[in-house]
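Here, residue 1 is the first one in the sequence, and each next residue gets the next number.
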Amino acid sequence: MPAPARPSSALLVASVAVLGLGLAACTSSASNDASPKTAIATTENHAPTTINVWTFNHLPQEVTAFKAALERLHAKYPWLTVNFVPNKDDAAFGKAVAAGQAPDVFVSTSPDNVGKFCYNGTVAPLDDYLKAAKVDVDATFPKAALVYTRFQDKQCALPLLVDAYGLFYNKKMLADAGVTPPKTLSELTAAAKKLTVKNKDGSIKRFGFVSRSDYNSNNSLYDGVQAGTQYYGTDGKSTLGQDARWNKIMQWDRDLNDWYGNGQVSRFVAKFQPHTDDAKNPLITGDVAMEVDGEWHVGEIADAKTSLDYGVVPVPMLDDVKDTYGAGTAVGTVAYLPAGSKHKQEAFFALQQLTTDTEFLTSLADTVYNIPSTFDSLSAWDKKDDEHWGPLVAIFANKGSYYKQLTPAGDEDAITWGTARQQYETGKSNDLQGLLKSTGAKIDKINEDAVG
């Protein structure tokens, strides 16, 4: 999953001029010609051109970071102006596309629609533009970031900052209980039970770990990486009812939930779900000893100005695949070149800059508490060796980290799987294998319908 939902704010619209690329980009004055041209020199005259760049980012500090980058771009290429529009989500983008008014660049919070947009022609493949601009994506972006930006061998988007998920834990609580950070799910269960503190009436004063998938970032536990499996097999069909590892990780989840009691877990989720990203987060308040969260939590803990002494390690693995410990779910923000853009050349010019400029990526990462998304920006980032950020950077860079496969159905497969998980976790369904098979069949049908 991408960065957590942020508070809504009034729509901010900033019209700023933008500069072109340090890496030579391909553009021409013939704005509607989608074929990449030869690169233009910094001093070359060019017909004045204005493009629209939309992004989901909307908080003041985020807008400031974008504006600073775009102003730097304009200093080099004064002929290219960007009308920068924050606070635009995938729904707004879809409406604009349907109305024939697509922006020239769109930055989305999630990659779940990459396959959908690429399959139905909403966005333009970037391969020819990248080739003409001499951008080697495999040498520019870590493998984990390419998994969710490619579809059917086409580069349909580019990554712009990354999320990696780790296990955050209270160092004092673990030390006092004689517990070391767990590496397998069985170790996580044992640690959770040992770290749990109950009141005299049997209610839970402190949870060791809550595994339910509708809490905080726990959905990342069930995307496949921690079980060493994938959503789909080589035949493109769902593996939910076929791969026993799905059954094992869900049984692990249910067993821990049942040990606590569904009612107690439900009360915990109801109380703390609204506070996963603020100072009342249960790890900060001491109501839980361990939790799975994304890298942005490092910044949130710092913002809370708490004395919490905590550590971050990779999320434990299913015991069957314990040798892959260190890998995790990696996902992030993506940037598109909409097929409806009337200035594709100039739009790619800006797109490349925003996704490869080291100064912009490191400054924006600092602002929004994400991880830079290129090898160069990761190398230059001053937080890469930090005791909290470092383990998360390593998870992203791990060759075993990935995100689920993309399909033309967008996020409908993940939504369907999430609904099924919650039915089993809460005891509404007790036939796990039957549920996995029926859910897999539903997902296969969703994908079949998506391709007509």
Partner set under side chain to side chain contact (heavy atoms under 4.5 Å, CB included) for [X], not counting sequence neighbours:
{"X": "A164", "result": "I371, I395, F396"}
{"X": "S438", "result": "L435"}
{"X": "D287", "result": "F272, P282, T285"}
{"X": "S217", "result": "Y165, D293, W296"}

Flag the pair [X] / [Y] as yes when at least one side-chain heavy-atom distance between them is below 4.5 Å, and no otherwise.
{"X": "S211", "Y": "W252", "answer": "yes"}
{"X": "L364", "Y": "L161", "answer": "yes"}
{"X": "V53", "Y": "P103", "answer": "no"}
{"X": "K383", "Y": "D366", "answer": "yes"}
{"X": "L185", "Y": "Q226", "answer": "no"}
{"X": "I301", "Y": "Y310", "answer": "yes"}
{"X": "L158", "Y": "T149", "answer": "no"}
{"X": "L354", "Y": "L70", "answer": "yes"}

Expected output: side-chain [X] to main-chain [Y] donor-acceptor under 3.5 Å:
{"X": "N170", "Y": "M173", "value": "yes"}
{"X": "D104", "Y": "S341", "value": "no"}
{"X": "D223", "Y": "T329", "value": "no"}
{"X": "N120", "Y": "K116", "value": "yes"}
{"X": "T239", "Y": "Y231", "value": "yes"}
{"X": "Q405", "Y": "Q230", "value": "no"}

Item to check | Check against side-chain contact (heavy atoms from CB on, under 4.5 Å), V123 and F106 | outcome: CA-CA 9 Å; V123 299; F106 175 56; over 6 Å; no
Checklist entry - Between E448 and K237, is there a side-chain N and carboxylate O pair less than 4.0 Å apart? => result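 Looking at E448 and K237, the cut-off is met.
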Next on the checklist: Looking at D243 and R245, is any side-chain nitrogen of the basic one under 4.0 Å from a carboxylate oxygen of the acidic one?
Outcome noted: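 Yes.
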Checklist entry - What pairs meet the salt bridge (Lys or Arg N to Asp or Glu O under 4.0 Å) rule with one or both residues in residues 406-428, with sequence neighbours excluded? => result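 Sorted result for residues 406-428: K404-D413.
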Checklist entry - Got a sec, which residues hit side-chain hydrogen bond (donor to acceptor under 3.5 Å, both in side chains) with D376, two or more places apart in sequence or on another chain? => result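 side-chain hydrogen bond (donor to acceptor under 3.5 Å, both in side chains) check on D376 returns nothing, list empty.
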Next on the checklist: Are more than 12 heavy atoms, taken from residues, nucleotides or ligands other than K384, located less than 6.0 Å from that residue's NZ atom?
Outcome noted: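 Counting other residues, nucleotides and ligands, NZ of K384 exceeds 12 neighbours.
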Checklist entry - Does atom NZ of K171 have more than 12 heavy-atom neighbours, drawn from other residues, nucleotides or ligands, at distances under 6.0 Å? => result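 It does: K171 NZ has more than 12 such atoms within range.
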Next on the checklist: Ring-plane angle category for W389 and Y369, please: parallel below 30°, perpendicular beyond 60°, tilted otherwise.
Outcome noted: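 Plane angle between 30° and 60°, so tilted.
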Next on the checklist: Given the ring of W259, does K198 sit roughly above its face, with NZ or CZ under 6.0 Å from the centre of the six-membered ring and within 45° of the axis?
Outcome noted: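 Verdict for W259: a cation-pi partner in K198.
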Next on the checklist: Distance to the ring centre below 6.0 angstrom and angle to the axis at most 45 degrees; does that hold for R72 and F360?
Outcome noted: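 Pair R72/F360 does not count as cation-pi.
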Item to check | Qualifying disulfide bond (SG atoms under 2.5 Å apart) pairs, either residue in residues 139-168, two or more places apart | outcome: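 Of all non-adjacent pairs touching residues 139-168, those that pass disulfide bond (SG atoms under 2.5 Å apart) are C118-C156.
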Anything under 3.5 Å between a donor and an acceptor, one on a side chain of residues 320-327, the other on a protein residue two or more places apart or in another chain? List them.
residue	atom	partner	partner atom	Å
D320	OD2	K248	NZ	2.5
T324	OG1	V321	O	2.7

Next on the checklist: Quick check on the 6.0 Å ring-centre criterion: do Y215 and F268 meet it?
Outcome noted: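 Yes, the ring of Y215 comes within the 6.0 Å limit of the ring of F268, centre to centre.
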Next on the checklist: Aromatic contact between F117 and Y336, with the criterion being ring centroids under 6.0 Å apart: yes or no?
Outcome noted: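 Yes, ring centres under 6.0 Å apart.
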Qualifying residues under salt bridge (charged side-chain N to carboxylate O under 4.0 Å, His left out), relative to [X], sequence neighbours excluded:
{"X": "D255", "answer": "none"}
{"X": "D214", "answer": "R212"}
{"X": "D136", "answer": "none"}
{"X": "D138", "answer": "R150"}

Checklist entry - Could you give the distance from CG (N199) to NZ (K205), rounded to the nearest 0.5 Å? => result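 That separation rounds to 6.5 Å.
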Checklist entry - Could you give the distance from CG (D253) to CG (L221), rounded to the nearest 0.5 Å? => result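 With rounding to 0.5 Å, CG (D253) is 8.0 Å from CG (L221).
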Checklist entry - Given the rule in the ring-ring contact (aromatic ring centres under 6.0 Å, His included) test, do Y260 and F207 qualify, once you have shown the distances and angles that lead to the verdict? => result CA-CA 9 Å; Y260 281 121; F207 283 78; 4.7 Å; yes
